[in-house]
Amino acid sequence: EPEVTQTPSHQVTQMGQEVILRCVPISNHLYFYWYRQILGQKVEFLVSFYNNEISEKSEIFDDQFSVERPDGSNFTLKIRSTKLEDSAMYFCASRLRLEQYFGPGTRLTVT
Amino acid sequence: KQEVTQIPAALSVPEGENLVLNCSFTDSAIYNLQWFRQDPGKGLTSLLLIQSSQREQTSGRLNASLDKSSGRSTLYIAASQPGDSATYLCAVRHGEGGSEKLVFGKGTKLTVNP
């Protein structure tokens with residue numbers, strides 16, 4: 001069964017560094033998302049992406065964040081200058097119709 | 001602003017018991033509602049999706065109901081098994097303005113004891 005994949009599973013970075021989190025959505029899906037979950041808190045929406053542009057973003061998704069679909073298969077989230085409070089599990093999701101399918105997540109630790 | 005609440009926060013039951021998890025949301029103008037399962041340190045597995053026009057959906061031992069006007073959904077698990085132990089998340093997608101985002105509850109942590 002097709003699934004969303006994410007790499008790396010765990011990323012450790014120093015404050016102020018740039019990180020790129022990678023996702024491969026399910027191949028025929030058209031809508032792509034990033035969510036995050038800070039330890040012990042709710043899953044929070046960051047951004048949605050459709051037809052090569054951002055369709056919706058949350059207040060969290062400020063100028064430090066960007067997304068890209070560089071080719072027909074990958075979907076990336078870039079954080080330009082990481083802060084301690086960016087430490088979280090980042091989930092990529094995709095959908096074709098109604099249901100959003102989530103990847104296993106990338107645990108980002110900012111030290 | 002949509003708020004999703006799940007009660008109880010944690011539940012421990014003996015194997016074989018039937019159980020109900022609750023989800024409530026403050027804005028009834030939803031497009032659909034999804035139930036997920038999350039295992040520790042892992043991703044979210046979609047269990048059931050109910051559209052706003054539907055009353056319930058079933059998959060195996062799982063049954064989800066939706067009462068949109070009262071802002072409530074329940075997830076019923078029949079004949080629980082230790083393998084059902086996980087955190088169950090409820091998420092709603094808003095119905096107006098073409099919003100894409102899911103708004104999540106904090107989840108109910110279920111432990112099924114052998």
Side-chain angles (χ1 to χ4, degrees), chain A residues 1-10 21 23-26 29-51 53-61 67 88-109, chain B residues 1-7 9-10 23-27 30-54 57-59 62 64 66 73 86-109:
Chain A
E1 186 172 327
E3 54 185 25
V4 177
T5 60
Q6 291 185 243
T7 55
S9 57
H10 190 191
L21 309 183
C23 168
V24 178
I26 295 173
H29 284 192
L30 301 176
Y31 299 83
F32 313 109
Y33 309 87
W34 285 100
Y35 291 82
R36 77 174 186 189
Q37 185 178 33
I38 295 171
L39 190 64
Q41 298 189 23
K42 296 181 178 183
V43 176
E44 302 173 286
F45 169 80
L46 293 177
V47 66
S48 61
F49 192 86
Y50 170 72
N51 200 25
E53 62 182 29
I54 291 173
S55 49
E56 188 175 359
K57 60 183 180 179
S58 72
E59 318 80 62
I60 303 167
F61 194 89
V67 290
M89 185 76 101
Y90 287 80
F91 295 108
C92 173
S94 68
R95 75 173 177 94
L96 175 62
R97 297 185 183 87
L98 296 175
E99 206 165 345
Q100 292 188 24
Y101 293 89
F102 282 67
T106 292
R107 180 165 297 285
L108 176 65
T109 302
Chain B
K1 181 186 170 189
Q2 180 74 270
E3 295 284 344
V4 178
T5 303
Q6 292 187 246
I7 295 173
C23 171
S24 61
F25 45 94
T26 54
D27 186 342
I30 65 167
Y31 189 74
N32 59 45
L33 182 146
Q34 238 176 304
W35 281 95
F36 294 88
R37 169 189 172 132
Q38 184 175 30
D39 292 282
K42 299 289 178 64
L44 282 64
T45 301
S46 180
L47 299 173
L48 289 163
L49 181 145
I50 311 180
Q51 296 184 60
S52 61
S53 57
Q54 296 175 320
Q57 280 285 346
T58 298
S59 176
L62 305 180
L66 175 64
S73 176
T87 297
Y88 290 80
L89 302 176
C90 164
V92 299
R93 182 180 163 194
H94 198 61
E96 294 173 1
S99 177
E100 286 286 332
K101 70 179 181 184
L102 291 177
V103 177
F104 283 82
K106 204 167 180 185
T108 293
K109 184 176 181 181

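Below, chains carry the letters A, B, ... as their sequence lines are ordered, and counting in each starts from 1.
Atom OG of residue A:Ser58 and atom NZ of residue B:Lys101 lie 7.0 Å apart, to the nearest 0.5 angstrom. Interatomic distance, CD of B:Gln6 versus NZ of A:Lys42, reported as 8.5 Å (0.5 Å rounding). Here the CZ-CD distance, from B:Phe104 to A:Gln41, works out to 14.5 Å after rounding to the nearest 0.5 Å. Separating the CG atom in B:Leu89 from the CD atom in A:Gln37 is a distance of 7.0 Å, to the nearest 0.5 Å. Atoms CG and CD, from A:Leu98 and B:Gln34 in turn, are 8.5 Å apart once rounded to the nearest 0.5 Å.
Looking at heavy atoms from C-beta onward, B:Leu44 lies in side-chain contact with A:Phe91 at the 4.5 angstrom threshold. Counting heavy atoms from C-beta outward, B:Thr45 and A:Tyr101 have side chains that stay 4.5 Å or more apart.
At a cut-off of 3.5 Å, with distance as the only test, a side-chain donor of A:Glu56 or B:Ser99 sits close to an acceptor on the other residue. A donor-acceptor contact under 3.5 angstrom links the side chains of A:Tyr33 and B:Glu100, judged on distance only.
The 12-atom threshold is not exceeded at NZ of B:Lys109, counting heavy atoms of other residues, nucleotides or ligands nearer than 6.0 Å.
For A:Gln6, no part sits under 4.5 Å from any heavy atom of chain B, backbone or side chain. Only the backbone of B:Val4 comes within contact range of chain A, with at least one heavy atom under 4.5 Å from a heavy atom of that chain. Neither the backbone nor the side chain of A:Tyr50 has a heavy atom closer than 4.5 Å to any heavy atom of chain B.
Between the side chain of A:Tyr35 and the main chain of B:Leu102, a donor-acceptor pair closer than 3.5 Å is present. B:Lys42 places no side-chain N or O within 3.5 Å of a backbone atom of A:Gly105 that could act as its donor or acceptor partner.
Interface check for chain B: of the options A:Arg107, A:Gln100, A:Met89, the most heavy-atom pairs under 4.5 Å are formed by A:Gln100. Looking only at heavy-atom pairs under 4.5 Å with chain A, the residue among B:Gly43, B:Gly105, B:Gly107, B:Gly41 that has the most is B:Gly43.
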